[in-house]
Amino acid sequence: MTDHHGAKVAQALALALALALKNAGWSVAELSRRSGVSRLTIANVLAGKVWPDLLTVANLERALDCDLWPGRGV
């Protein structure tokens, strides 16, 4: 499935989220509190179990004050 463009985008987003979370020094619980996205959803995105919808990405980006969407170059 790694050849699927959508899967590559989801993987790149998960890596960007993990890095942003680390850089912020926040736990998943703290990001959940600040973004309004459930801890389970965040954990599942980080684990690659789910592909987040646009509202979830937007809320995470706003809370972390960074872009997570990898763009077309993936």
Side-chain angles (χ1 to χ4, degrees):
M1 182 142 183
T2 57
D3 289 338
H4 187 282
H5 181 69
K8 289 179 182 179
V9 170
Q11 290 167 353
L13 190 139
L15 289 173
L17 176 57
L19 181 61
L21 196 57
K22 180 181 177 183
N23 289 341
W26 297 347
S27 65
V28 169
E30 181 64 17
L31 178 55
S32 175
R33 187 184 69 74
R34 291 177 183 241
S35 67
V37 176
S38 77
R39 289 184 313 230
L40 181 60
T41 296
I42 295 168
N44 283 338
V45 170
L46 288 167
K49 292 182 180 180
V50 299
W51 296 9
D53 61 31
L54 292 176
L55 179 59
T56 298
V57 173
N59 287 336
L60 294 170
E61 286 182 333
R62 184 182 60 219
L64 290 162
D65 192 30
C66 70
D67 294 329
L68 299 173
W69 196 258
R72 295 181 310 200
V74 175

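All values below were derived from every heavy atom in this structure, side-chain atoms included, with hydrogens, water molecules and symmetry-related copies excluded.
Atom CG in D65 sits 13.0 Å away from atom CG in L60 (nearest 0.5 Å). A distance of 11.5 Å separates OG of S35 from CD of E61, quoted to the nearest 0.5 Å.
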Test log, rule side-chain contact (heavy atoms from CB on, under 4.5 Å), inputs R39 and I42: CA-CA 5 Å; R39 289 184 313 230; I42 295 168; 5.8 Å; no
Working for side-chain contact (heavy atoms from CB on, under 4.5 Å), residues L19 and L15: CA-CA 6 Å; L19 181 61; L15 289 173; over 6 Å; no
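Residue L55 places its CG atom among more than 12 non-hydrogen atoms of other residues, nucleotides or ligands, all under 6.0 Å distant.
Looking only at atom types and distance, the side chain of D53 has a donor-acceptor partner in the side chain of T56 under 3.5 Å away.
V37 places none of its side-chain heavy atoms less than 4.5 Å from the side chain of S32. Side chains of N23 and L64 form no contact here, defined as non-hydrogen atoms less than 4.5 Å apart. Inter-residue side-chain proximity for L13 and P52 is flagged as met; some heavy-atom pair is nearer than 4.5 Å. The shortest side-chain heavy-atom distance between L46 and L21 falls under the 4.5 Å cut-off.
Under the 6.0 Å cut-off for aromatic ring centres, H5 and W51 do not qualify, their centroids lying 6.0 Å or more apart.
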